[in-house]
Each structure stands twice: as structure tokens, then as C-alpha cells.
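Only a predicted model underlies this, so the values are computations on that prediction, with no experimental measurement involved. To find a chain, count down the sequence lines: A is the first, B the second, and so on, and within it residues start at 1.
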Amino acid sequence: MAELILYNTLTRSEEPFQPREPGKVAIYACGLTPQAPAHVGHMRGVVVMDIVQRWLEQLGYTVQFVQNFTDIDDKIIRRAQEEHTSTTAVAEKYSRMYIEDAHALGARLPHFVKVTENMDAIIEMVQRLVADGYAYVVDGDVYFEVNKFPEYGKLSGRSVEEMQAGARIDVDERKRNPEDFALWKAAKPGEPAWDSPWGKGRPGWHIECSALSLKYLGAAFDIHAGGMDLIFPHHENEIAQSEAYLHCEQPFARYWLHWGPVRLRQEKMSKSTGLVVPIRELREQYEPAVIRYFLLTVHYRTPLEFSYERLQESQAALERIRTASQRAEAFLREHGNATADAAIAEPYLQQFRAAMNHDFNTAQALAAVFEVVREINTHLNTPELATATAAPARLAGLRNALQWMMETVLGIALQPPAAAQSETLNQLMYCVIAWRQELRSRKLYDLADRIRDDLKAMGIVLEDSPQGTTWRIG
RNA sequence: GGCGCCGUGCCCGAGUGGCUAAGGGAAAGGUCUGCAAAACCUUUAUUCGUGGGUUCGAUUCCCACCGGCGCCUCCA
């Protein structure tokens with residue numbers, strides 16, 4: 001349980017993971033503003049966090065994972081006007097879509113929390129920051145004063161002076177420093193608003209994540225995650241306001257984990273550039289498992305260039321894994337499910353664990369998966385190995401390893417979704433294959449080939465080998 | 001302008017101060033096969049953007065340059 005290494009953006013180095021509390025991990029990830037359909041970039045975060053959870057669970061931790069929905073902000077207000085509906089309806093609609101997309105990608109869902117349902121916690125936090133002198137009130141707005149927090153800039157590696165030197169933002173005259181940011185915004189006419197000590201208004205963008213994570217996870221929780229584009233200013237501001245709130249006696253979060261952007265045509269996939277592949281659209285063309293596989297082919301911090309060629313490659317690679325899995329299953333169906341020989345897969349499992357323990361290196365872990373695939377195939381088509389008495393036990397051991405790596409850890413099903421196999425289907429195929437074998441032995445190849453072609457059209461692939469004929473869905 | 005990341009074979013992509021530089025995709029040849037498919041084997045980097053430096057030794061550390069990207073404004 002002690003061997004997990006993870007990269008901490010705060011220290012810009014890899015560190016052994018030590019939880020706040022033995023056996024438990026508390027994680028917070030910044031969610032999205034539900035105001036448009038999610039794209040592939042959003043799904044990368046979803047899949048990365050799912051893998052993190054799964055692996056921590058394999059290491060024996062109990063994982064608590066919280067994620068927010070920014071269900072009130074400028075963009076939602078604008079969207080509600082465009083769609084002639086309420087901000088609540090907009091947030092509800094796109095939150096549902098996002099959850100449905102995440103679910104389709106095989107992600108277990110975090111505990112979702114909403115801004116509008118936690119106004120008390122947010123207001124309480126702002127109040128204390130004002131009372132403690134970290135924040136000031138101007139005309140119903142509340143700003144955090146960055147100069148009151150000496151460590152401002154420690155996450156993103158910049159100093160306030162540098163920022164001021166390179167500043168190219170319009171300075172709001174009411175702010176004491178250009179870098180001061182809004183904790184609370186006074187309501188404009190017609191906008192949704194909440195009562196507060198400073199009048200009607202709504203929270204600034206950054207405060208919600210601080211208030212919600214501290215409310216649900218407590219101070220010094222284990223992992224705070226998000227996309228790299230959130231490092232500055234969002235996470236920098238979160239640290240400032242949270243640690244100020246905690247009187248700098250405790251850190252806000254212990255480890256900061258950031259995943260890389262998904263790019264399209266060499267540019268970050270983002271709503272603002274219009275370079276976006278909505279996950280809905282992609283799901284019509286590719287099985288979610290293929291999309292998930294694609295997202296796992298590079299280390300999570302590396303920028304990932306989106307392309308249909310890459311997706312196609314992922315599909316081919318996944319098919320190779322699934323074919324081996326199904327061949328092993330077919331062999332075991334025929335030879336009886338022996339007690340698995342666990343030792344045979346151990347070297348590959350070690351390789352796999354080492355990769356996952358090294359900052360969730362799924363790209364490297366996949367290499368171990370393919371080692372198992374090769375081992376399975378070699379056993380199956382080397383006559384001496386396939387007929388050995390130990391063969392069923394070995395194949396069972398390899399099959400179990402493959403299942404654990406792919407399904408339990410990486411969350412990718414070895415059976416394509418269409419292959420809801422039933423015992424009836426197994427028996428039917430057994431019959432069909434026997435009949436076709438009869439035709440082949442009488443050299444009625446045209447009929448045998450016709451059966452194969454017809455089945456192919458139905459999505460069932462027959463493969464002949466000296467050991468007999470196997471079938472698989474694919 | 002400031003902060004930071006990256007540049008590995010045909011493509012994608014791991015990785016390490018010295019051991020054959022993973023794995024996948026693609027292509028070619030071979031084996032097997034009635035054919036097909038699948039699979040297995042072999043081949044595609046004496047080399048890791050370029051030039052210096054440190055070192056007994058660097059793709060891996062340092063510096064410069066070239067090229068690409070992210071952030072500095074909302075952004076996963």
C-alpha cells in the first residue's frame with residue numbers, strides 16, 4: 001500500500017503517496033459548468049479520475065470522491081436567455097448529459113455537489129475571510145486581497161510582481177491589486193441572486209470549489225484534481241482563499257493532480273476556439289470502450305492529440321486484446337475451467353502494477369496487457385503447449401490476469417457490448433460448427449464458406465485452426 | 001514579455017546516467033491453413049530535434065539554439 005508514486009503539481013515532482021488518514025483517500029476534482037454538451041477533453045478528466053479511483057481501491061484504500069457542478073454563473077445565465085428557460089433548467093439538462101456520457105464511458109460517478117445547494121457554506125467562508133482581513137467589500141462585491149496571502153503564486157510558480165509586470169488585463173479601479181479576485185458578485189437586475197451580508201448576489205467562480213471541498217472532505221484532504229488549464233488562476237486562488245480561511249495552519253490539499261489537454265489540429269480542444277468534438281457525436285461512431293482505450297494510450301499529463309486515425313488504431317489494438325480473451329474463453333469452455341495457475345501471469349502483473357503505481361502510467365501498463373495477450377496466443381497455437389495437461393490451468397491464470405487488468409483496473413470490457421452471450425447461443429454455435437466441420441470434411445467448401453460468410457454478416461467470426469474451429473463476436 | 005511543458009523508428013507512444021531503447025498501429029516477408037481469418041516469427045531507431053558542457057560513460061543531468069504546445073482572460 002505504500003508504493004504509489006504520484007506527481008504533485010505543487011512541488012513539481014513525484015512523491016510517494018501518503019494519505020491523510022490510513023486506508024482512506026479523499027479526492028476533489030473541479031467539475032464543469034453545465035452549459036453545453038461535453039467534449040472529448042472533458043471525458044479525459046472523467047476517465048483519468050475513474051482510473052485513479054479504481055487503482056486506489058485496488059491498493060486497498062477506501063475512496064471518497066467529490067466533484068462539483070458550477071450550476072450558476074455568467075455562461076449559464078446567458079445560455080438560459082438563449083434557450084428561453086431558467087438557469088436551473090439549463091444546469092439540470094447539461095449535468096444529466098454529462099453524467100450519462102461519463103456513465104457510458106464506464107466511469108463510476110463521484111459524489112456530485114452543486115453550488116446552488118451550498119450557498120450557506122460559501123457565504124460563511126466569504127464572511128470569515130472578510131472578518132479576518134483577507135477580503136474587502138466594495139459596492140456589494142467582495143474581493144480577495146492577494147497581497148494578504150504571501151504564498152500567492154506557489155502552485156503556478158509565479159509571483160504577484162511578475163504578474164503585474166506582464167499584466168494585460170483591464171484593471172478594475174475598485175480593486176486594491178489587479179490580481180485580487182471576486183469572492184462574491186453583486187447581482188445585476190434580472191439575474192438569479194441569493195441573500196448575503198453584502199446584499200443580493202452570487203458567488204465568484206473560485207470560492208465554490210474551496211467551500212465545497214472543505215465542507216465535504218475537510219482540511220488537508222488528499223488529492224485535488226483538475227485540468228491543467230485550471231492551475232492558474234483557478235487553483236491558485238483556491239489555495240489562497242482556503243489556506244487563508246484555515247489561518248495557514250493546515251494545507252488546503254496535499255497533492256495536486258492535473259491532467260493534460262486534448263488537442264485538435266494542434267490546438268487545445270475548447271469551447272472558446274470552437275475546436276470541439278462533442279462526446280455525443282463521437283459515441284455514435286465509436287464504442288465507448290474504444291474511446292476510453294484511446295484516452296488511456298498516453299500518460300494522463302501528456303497533451304493528447306485527437307484524431308480519427310488514432311481512434312482507429314485504438315480500435316484495432318482493443319480488438320486484438322478481445323480476440324485473445326475470447327480465444328482463451330473458448331478453450332476453457334471446451335477443456336473445463338481448471339484451477340487457475342496464478343504464477344504464470346505474475347511477471348506481467350508485476351509489470352502492470354509497477355506501471356500503475358508510477359503515477360498511473362496506463363500507457364506503460366498496456367504493454368503488460370499485450371504481453372499477456374501474446375502469452376495466451378502462443379499457448380493456444382503451439383500444439384505442445386495447447387495439449388499439455390497444465391494448459392487449462394495456465395490459460396485460466398492468463399485469462400484471469402487479463403480480466404483483472406482490463407476490466408477491473410482499466411475499466412474496459414473484454415466482451416463487446418453486443419456479445420451478451422447466453423448458454424443457448426453457445427450450444428447453438430457448437431451445433432453449427434459441428435455441422436460445418438462435417439461439410440468441410442466432405443470438401444463441400446462452398447457450403448462451409450457460405451455458413452462462415454452468413455455468420456460474419458451477423459457479426460459472428462469463425463476461425464479455423466488445426467485445433468478446431470472457434471467463434472467470437474466481432 | 002513572464003511562468004511552465006514537450007521534441008524517441010513510417011505513425012502513435014513508454015522509458016532509463018551504463019544491461020537487447022517497452023508496447024500498439026501500419027507495411028513487407030515467412031509459418032500454419034482447402035481458402036479465409038486469427039495467431040506466431042522476422043524485418044522498419046548503432047539511435048532518442050541541433051550544437052556545446054558535466055561525467056569513465058548521456059537519449060536520460062546542465063546551457064544555448066531551432067521547432068511545437070499550455071497558462072498568464074472564461075476553459076476539463
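- Considering only side-chain N and O atoms, A:N377 lies under 4.0 angstrom from the phosphate OP1 or OP2 of B:C40.
- Within the nucleic acid shown, A:V369 has no heavy atom closer than 4.0 Å to any nucleic acid atom.
- With a 6.0 Å cutoff to the six-membered ring centre and a 45° limit on the axis angle, A:R301 counts as a cation-pi contact of A:Y7.
- Among B:C12, B:G15, B:G34, the nucleotide with an atom closest to any side-chain atom of A:Q364 is B:G15.
- Stacking is found between A:Y445 and the pyrimidine-like six-membered ring of the B:G34 base under the 5.5 Å centre-distance and 30° plane-angle cut-offs.
- If you check every strand for non-hydrogen atoms under 4.0 Å, A:K75 touches a base.
- Among the heavy atoms of the strands lying under 4.0 Å from A:N361 are primed sugar atoms or P, OP1, OP2 only; no base atom is included.
- Taking side-chain N and O atoms only, A:K268 has a distance below 4.0 Å to OP1 or OP2 of B:C71.
- The closest side-chain donor-acceptor pair between A:Y286 and A:Q312 falls under 3.5 angstrom.
- Both A:Q351 and A:R301 lie near RNA chain B, and the one whose nearest nucleotide falls closer to the 5' end is A:R301.
- Side-chain atoms of A:D464 come within donor-acceptor range of the base of B:C35, with a qualifying N/O pair under 3.5 Å.
- In this structure, a donor-acceptor pair under 3.5 Å is absent between the side chains of A:Y28 and A:D222.
- The side chain of A:R374 contributes an N or O atom lying less than 4.0 Å from OP1 or OP2 of B:G24.
- Residue-level contact check: A:L380 touches neither bases nor backbone, having no heavy atom under 4.0 Å from any strand.
- Helical stems of RNA chain B (runs of at least 3 Watson-Crick or G-U pairs, donor-acceptor distances under 3.5 Å) are listed by first residue: B:1-7 with B:66-72, B:10-12 with B:23-25, B:26-31 with B:39-44, B:49-53 with B:61-65.
- Spacing between atom CZ of A:F306 and atom P of B:C69 amounts to 19 Å, rounded to whole angstrom units.
- With distances taken from any side-chain atom of A:D449 to the nucleotides B:G25, B:C35, B:A76, the minimum falls on B:C35.
- Side-chain N/O atoms of A:T302 include one lying less than 4.0 angstrom from OP1 or OP2 on B:A14.
- Closest approach to the A:R327 side chain among B:A38, B:G34, B:G70 is made by B:A38 (side chain taken as heavy atoms from C-beta onward).
- Residue-to-nucleotide contacts include a donor-acceptor pair under 3.5 Å from the side chain of A:R440 to the base of B:G34.
- Nucleotides B:A45 and B:C12 place their C1' atoms 15 Å apart, quoted to the nearest Å.
- Residue-level contact check: A:A317 touches the backbone only, with heavy atoms under 4.0 Å from sugar-phosphate atoms and none from bases.
- In this structure, A:G226 reaches the sugar-phosphate backbone alone: every heavy-atom distance under 4.0 Å involves primed, P, OP1 or OP2 atoms, never a base.
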Would A:E243 and A:K154 count as a salt bridge (Lys or Arg N to Asp or Glu O under 4.0 Å) if you check the C-alpha gap in whole Å, the side-chain angles of each, and the deciding distance to 0.1 Å? CA-CA 12 Å; A:E243 297 192 349; A:K154 68 176 173 180; 2.9 Å; yes
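- As rounded to the nearest Å, B:U44 and B:C10 have P atoms that lie 12 Å from one another.
- At a threshold of 4.0 angstrom between heavy atoms, the contacts of A:S272 include nucleobase atoms, whether or not backbone atoms are also involved.
- Rounded to whole Å, atom P of B:G24 lies 19 Å from atom CG of A:L304.
- Looking only at atom types and distance, the side chain of A:Y348 has a donor-acceptor partner in the side chain of A:E375 under 3.5 Å away.
- The shortest distance between the side-chain N/O atoms of A:R452 and the OP1/OP2 oxygens of B:A37 is not below 4.0 Å.
- As rounded to the nearest Å, B:U16 and B:U59 have C1' atoms that lie 9 Å from one another.
- No side-chain donor-acceptor contact under 3.5 Å links A:R176 and A:N147.
- For A:R158 and A:F232, the positive end sits near the middle of the six-membered ring, less than 6.0 Å away and at most 45° from its axis.
- Proximity note for A:E371 (side chain, C-beta onward) versus B:A76, B:A22, B:C35: the nearest is B:A22.
- Of the two residues near RNA chain B, A:T33 and A:R263, the one whose nearest nucleotide lies more 5' is A:R263.
- Checking B:G13, B:G2, B:C40 against the side-chain heavy atoms of A:N381 singles out B:C40 as nearest.
- A:E14 and A:H358 form a side-chain donor-acceptor contact under 3.5 Å, judged by distance and modelled atom types alone.
- Note: CG (A:L230) to P (B:U73) measures 14 Å, nearest angstrom.
- Between B:G18 and B:G9, the distance separating the two C1' atoms is 23 Å to the nearest Å.
- At a threshold of 4.0 angstrom between heavy atoms, the contacts of A:P261 include nucleobase atoms, whether or not backbone atoms are also involved.
- On the P atoms, B:A26 is 41 Å away from B:G4, given to the nearest whole Å.
- Taking atom NZ of residue A:K456 and atom C1' of nucleotide B:C35, one finds them 14 Å apart after rounding to whole Å.
- Look at CD on A:Q326: it is 12 Å from P on B:A39, rounded to the nearest Å.
- Taking atom P in both B:A38 and B:C19, one finds a spacing of 37 Å when rounded to whole Å.
- Contact annotation for A:M269: base contact, defined as any heavy-atom pair under 4.0 Å involving a base atom.
- The distance between atom CD1 of A:I321 and atom P of B:G23, rounded to the nearest whole Å, is 14 Å.
- Counting only N and O atoms by type, the side chains of A:Q58 and A:W404 include a donor and acceptor under 3.5 Å apart.
- B:C40 sits 14 Å from B:U33 when the C1' atoms are compared, rounded to a whole Å.
- Residues A:H235 and A:H206 bring no donor and acceptor atom of their side chains to less than 3.5 Å of each other.
- Side-chain atoms of A:R440 and A:Q437 include a donor-acceptor pair closer than 3.5 Å.
- Following rounding to the nearest Å, A:D229 (CG) and B:G4 (P) show an atom-to-atom distance of 19 Å.
- If you check every strand for non-hydrogen atoms under 4.0 Å, A:E267 touches sugar and phosphate atoms only.
- We find that CG of A:L296 is positioned 12 Å from P of B:A14, with the value rounded to whole Å.
- Of the candidates B:C74, B:G68, B:C71, the closest approach to any side-chain atom of A:Q266 belongs to B:G68.
- Nucleic acid contact for A:I231: none, since no nucleic acid atom lies under 4.0 Å from a heavy atom of the residue.
- Paired with A:I321 under the rule side chain to side chain contact (heavy atoms under 4.5 Å, CB included), one option of A:I376, A:V373, A:I412 passes, and it is A:V373.
- Out of B:A39, B:A76, B:C35, the shortest distance to the side chain of A:V262 is found at B:A76.
- Residue contacts shown for A:H299 are limited to sugar-phosphate atoms, with no base heavy atom under 4.0 Å away.
- To the nearest whole angstrom, the two C1' atoms, one in B:C48 and one in B:C6, are 14 Å apart.
- Nucleic acid contact class of A:G227 (heavy atoms, under 4.0 Å, all strands): sugar-phosphate only.
- Using a 4.0 Å cut-off, some side-chain N or O of A:R320 falls inside it from OP1 or OP2 of B:C40.
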